[in-house]
**Student:** 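I have a structure I would like to understand better, so I am pasting it below and will then ask my questions one at a time.
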Amino acid sequence: GTDISIISFEYQDIGVPVVAVEEGIVKKIYDGQPDKELTLNGLQGNYVLIDHGNGVESYYNHLKKNSIIVKEKQKVYPGEQIAELGSSGNSTWPHLHFEWRINGKSIDPFTGPDHPGKSYWREQPLYDFPMIIVDWGMTYESEVTKPPHTIPREKCALMEISKQKKLQLWIQVINVQNEKYIRKWEIVSPDGAYKKEFVQEIDGTKKWHGLGSSQWRYTYNLGFSKSSMSGVWKLIIYHDSQIGKELHFTVSNNEIKNRRPQKPAGIRFEPENPKTDDVVTCRVSRSLFNLDPDLDKERYRFEWILNDEVVRNKINATMCDYFPAYAANHGDTLICRVYASDGELESEAVTINTQYH
């Protein structure tokens with residue numbers, strides 16, 4: 001099977017949709033098992049098995065408890081949500097175990113250097129990605145709590161407290177390359193007058209990780225006194241002289257109220273001009289900056305509108321959502337409105353539309 005991991009249990013709690021890859025009939029489901037397992041316990045996870053005919057099946061395992069929304073003997077279409085991703089059964093991290101089966105035998109759907117021959121994907125997805133910062137936050141905790149608990153997130157750096165305690169601004173990086181590279185942290189005051197740099201060599205050849213396969217966590221210690229400048233500070237992170245992220249956070253002498261996120265940088269449809277048998281993906285553009293000023297975990301609400309009727313309204317932790325094939329007709333208008341959210345407040349919407357042809 002192909003294991004498709006997500007960033008953290010916090011993502012799982014928010015929700016990550018699992019969709020059918022092809023048209024078929026739901027053959028079997030299993031649900032009710034705990035979904036935050038961290039050990040190879042040998043137990044059966046929550047799963048969905050779909051029959052595509054002619055001996056072909058697809059299998060989706062380790063699903064979140066009580067998230068399965070299809071029933072046995074139900075017909076499903078490509079891109080239709082069937083459940084949410086979890087860590088149930090024989091699992092050590094939230095991920096989807098996906099199998100493509102032909103006559104009961106699991107077949108690797110990917111083709112590549114280690115598996116030449118036919119690809120079973122209509123359009124084979126990428127499986128090699130660049131190193132990227134995917135999550136960040138601040139905490140006064142001396143030891144970051146271990147999974148499946150979420151990491152504490154402070155909304156701002158309080159001057160006196162952050163001077164007395166050890167304030168950590170942490171980042172989470174995935175796809176660390178198997179090589180050595182230089183990371184530079186550059187902290188900048190609101191007026192730009194104060195700058196401080198910290199440079200470290202990262203050895204990606206070391207076979208260790210912080211939070212699951214290819215996921216690493218790093219921290220930068222901060223301290224602010226009453227003489228520090230209040231306002232929005234920047235922490236610019238470079239990987240081998242290339243900016244990886246520019247994080248904006250508030251330094252204040254008082255607690256601040258929750259603030260709404262900024263709207264997404266942009267969205268796009270894939271494909272741009274769909275046919276009725278296409279799965280339409282609405283994808284959020286990745287921003288160099290954090291959208292939420294309080295460093296809360298960002299999530300997105302996707303509101304799908306077909307011919308002026310809201311047909312899907314979904315909050316999830318990913319930067320994309322799907323509209324299934326065969327759910328629209330030639331000439332129909334499809335709109336997607338996307339809102340960034342911190343779990344309480346939402347940004348303004350970014351809207352995109354297209355017409356089926």
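All values reported here derive from a predicted model rather than from experimental measurement.
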**Student:** Judged by modelled atom types alone, do Asp35 and Asn46 share a side-chain donor-acceptor pair under 3.5 Å?
**Tutor:** no
**Student:** Taking atom CG of Asn221 and atom CG of Leu167, what is their separation to the nearest 0.5 Å?
**Tutor:** 8.0 Å
**Student:** Which atom pair, heavy atoms only, marks the closest approach of Ile68 to Tyr47?
**Tutor:** CD1-O, 3.6 Å
**Student:** Regarding Ser87 and Glu37, do their side chains bring together a donor and an acceptor under 3.5 Å, going by distance alone?
**Tutor:** no
**Student:** Would you please classify the geometry between the His97 ring and the His62 ring as parallel, tilted or perpendicular, with 30° and 60° separating the classes?
**Tutor:** perpendicular
**Student:** When clusters are formed from ILVMFWY side-chain contacts under 4.5 Å, directly or step by step, what else is grouped with Leu291?
**Tutor:** Ile267, Phe269, Val280, Val284, Tyr300, Phe302, Trp304, Leu306, Val311, Met319, Phe323, Leu334, Val338, Val350, Ile352, Tyr356
**Student:** Start with the C-alpha gap between Trp100 and Tyr59, add the side-chain angles, then the distance that decides, and say whether side chain to side chain contact (heavy atoms under 4.5 Å, CB included) holds.
**Tutor:** CA-CA 7 Å; Trp100 187 248; Tyr59 173 74; over 6 Å; no
**Student:** In terms of side-chain heavy atoms, does Ser106 have a donor or acceptor partner in Glu99 at a distance below 3.5 Å?
**Tutor:** yes
**Student:** Please check if Met229 and Leu169 belong to a single hydrophobic cluster, counting links between Ile, Leu, Val, Met, Phe, Trp and Tyr side chain heavy atoms closer than 4.5 Å.
**Tutor:** yes
**Student:** With a cut-off of 3.5 Å and sequence neighbours excluded, list every side-chain donor-acceptor pair involving residues 21-30.
**Tutor:**
| residue | atom | partner | partner atom | Å |
| --- | --- | --- | --- | --- |
| Glu23 | OE2 | Lys75 | NZ | 3.0 |
| Lys27 | NZ | Glu57 | OE2 | 2.7 |
| Tyr30 | OH | Gln33 | NE2 | 3.1 |

**Student:** Same hydrophobic cluster for Ile161 and Leu295, using side-chain heavy-atom links shorter than 4.5 Å among ILVMFWY?
**Tutor:** yes
**Student:** Quick one about Asn254 and Ser252 (side-chain donor to acceptor, distance below 3.5 Å, no hydrogens or angles considered), yes or no?
**Tutor:** no
**Student:** Can the ring centres of Trp170 and Tyr220 be said to be less than 6.0 Å apart?
**Tutor:** no
**Student:** Has Lys36 got more than 12 heavy atoms of other residues, nucleotides or ligands less than 6.0 Å from its NZ?
**Tutor:** yes
**Student:** Return yes if a side-chain donor-acceptor contact under 3.5 Å exists between Arg260 and Ser341, otherwise no.
**Tutor:** no
**Student:** Of all the heavy-atom pairs spanning Asp108 and Tyr120, show the shortest one and how long it is.
**Tutor:** O-CD1, 4.0 Å
**Student:** Would you check if the side chain of Gln12 reaches a backbone N or O of Pro94 as a donor-acceptor pair within less than 3.5 Å?
**Tutor:** no
**Student:** Which residues pass the salt bridge (Lys or Arg N to Asp or Glu O under 4.0 Å) test with Arg286, not counting sequence neighbours?
**Tutor:** none
**Student:** Under 3.5 Å, is there a donor-acceptor pair between the side chain of Ser189 and the main chain of Tyr194?
**Tutor:** yes
**Student:** Using a cut-off of 6.0 Å, state whether more than 12 heavy atoms not belonging to Lys195 lie near its atom NZ.
**Tutor:** no
**Student:** Applying a strict under-4.5 Å side-chain criterion to I, L, V, M, F, W and Y, I'd like to know whether Val279 and Ile50 cluster together.
**Tutor:** no
**Student:** Tell me yes or no: between the side chains of Arg337 and Tyr339, is some donor less than 3.5 Å from an acceptor?
**Tutor:** no
**Student:** Minimum heavy-atom separation for Leu85 and Leu96, please, with both atom names.
**Tutor:** CD1-N, 3.5 Å
**Student:** Can you name the ring pair (Phe, Tyr, Trp, His ring centres under 6.0 Å) partners of Phe110, sequence neighbours left out?
**Tutor:** Trp121, Tyr127
**Student:** Which atoms form the tightest heavy-atom contact between His248 and Asn290, and what is the distance?
**Tutor:** N-OD1, 2.7 Å
**Student:** Has Asp321 got a side-chain atom pairing as donor or acceptor with Cys282's backbone, closer than 3.5 angstrom?
**Tutor:** no
**Student:** In terms of hydrophobic clusters joined by side-chain contacts under 4.5 Å, are Val70 and Val18 together?
**Tutor:** yes
**Student:** Strictly distance-based, threshold 3.5 Å: is any side-chain N or O of Trp136 a donor or acceptor partner for the main-chain N or O of Lys297?
**Tutor:** no
**Student:** Before giving the answer on side chain to side chain contact (heavy atoms under 4.5 Å, CB included), spell out for Ile82 and Val19 the whole-Å C-alpha distance, their side-chain angles and the decisive distance to 0.1 Å.
**Tutor:** CA-CA 5 Å; Ile82 58 176; Val19 302; 6.0 Å; no
**Student:** Considering only heavy atoms from C-beta outward, does the side chain of Ile305 approach that of Val310 to under 4.5 Å?
**Tutor:** yes
**Student:** Step by step, work out the side chain to side chain contact (heavy atoms under 4.5 Å, CB included) result for Trp185 and Tyr238.
**Tutor:** CA-CA 7 Å; Trp185 308 69; Tyr238 300 85; over 6 Å; no
**Student:** Membership question, hydrophobic clusters at under 4.5 Å side-chain separation (ILVMFWY): are Ile237 and Tyr181 in the same one?
**Tutor:** yes
**Student:** Is there side-chain contact between Leu38 and Thr92, with at least one heavy-atom pair below 4.5 Å?
**Tutor:** no
**Student:** Are Leu345 and Asn258 close enough that some pair of their side-chain heavy atoms sits under 4.5 Å apart?
**Tutor:** yes
**Student:** Please check: side-chain N/O of Glu154 versus main-chain N/O of Cys156, any donor-acceptor pairing under 3.5 Å?
**Tutor:** no
**Student:** Taking atom CG of Asp203 and atom CD of Glu179, what is their separation to the nearest 0.5 Å?
**Tutor:** 10.5 Å
**Student:** Under the side chain to side chain contact (heavy atoms under 4.5 Å, CB included) rule, collect the residues that match up with Glu201, sequence neighbours excluded.
**Tutor:** Lys180, Ile182
**Student:** For the backbone of Arg153 and the side chain of Thr139, can you confirm whether one donor and one acceptor N or O come within less than 3.5 Å of each other?
**Tutor:** no
**Student:** Is there a side chain to side chain contact (heavy atoms under 4.5 Å, CB included) between Arg299 and Asp342? Walk through the geometry before answering.
**Tutor:** CA-CA 6 Å; Arg299 64 212 71 188; Asp342 63 6; 5.6 Å; no
**Student:** Should Asp296 and Lys155 be marked as a salt bridge (charged side-chain N to carboxylate O under 4.0 Å, His left out) after you check the CA-CA gap, both sets of side-chain angles, and the distance that decides it?
**Tutor:** CA-CA 7 Å; Asp296 291 323; Lys155 293 185 179 298; 3.0 Å; yes
**Student:** Locate the shortest heavy-atom distance separating Lys184 from Val199; write the atom from each residue and the value.
**Tutor:** CG-CG2, 3.8 Å
**Student:** Check for a donor-acceptor pair, side chain of Asn316 on one end and backbone N or O of Gly15 on the other, with a separation under 3.5 Å.
**Tutor:** no
**Student:** State the NE2-CG distance between His95 and Leu63, to the nearest 0.5 angstrom.
**Tutor:** 10.0 Å
**Student:** With salt bridge (charged side-chain N to carboxylate O under 4.0 Å, His left out) as the criterion, how do Glu346 and Arg301 come out once you've worked through the C-alpha distance, each side chain's angles and the decisive distance to 0.1 Å?
**Tutor:** CA-CA 9 Å; Glu346 289 186 335; Arg301 179 165 70 90; 2.7 Å; yes
**Student:** Compare every heavy atom of Lys245 with every heavy atom of Leu247, then report the nearest pair and how far apart it is.
**Tutor:** CD2-CG, 3.3 Å
**Student:** Distance alone, cut at 3.5 Å: any donor-acceptor contact between the side chains of Glu303 and Asn313?
**Tutor:** no
**Student:** Check whether any side-chain heavy atom of Gln172 lies under 4.5 Å from a side-chain heavy atom of Ile7, and answer yes or no.
**Tutor:** yes
**Student:** Just to verify, what does Tyr326 make a side-chain hydrogen bond (donor to acceptor under 3.5 Å, both in side chains) with, not counting sequence neighbours?
**Tutor:** none
**Student:** Using atom types as modelled and distance alone, determine if a side-chain donor or acceptor of Ser228 lies under 3.5 Å from a backbone N or O of Ser225.
**Tutor:** yes
**Student:** Would you find more than 12 non-hydrogen atoms of other residues, nucleotides or ligands less than 6.0 Å from Asp191 atom CG?
**Tutor:** yes
**Student:** Looking at Gly42, is its backbone amide N or carbonyl O close enough to the side chain of Asn90 to form a donor-acceptor pair, meaning the two atoms are under 3.5 Å apart?
**Tutor:** yes
**Student:** Any side-chain to backbone donor/acceptor pair from Gln262 onto Ser347? Under 3.5 Å, distance only.
**Tutor:** no
**Student:** Distance alone, cut at 3.5 Å: any donor-acceptor contact between the side chains of Ser58 and His52?
**Tutor:** yes
**Student:** Assess whether a salt bridge exists between Glu270 and Arg283, defined as any Lys/Arg side-chain N lying under 4.0 Å from an Asp/Glu carboxylate O.
**Tutor:** yes
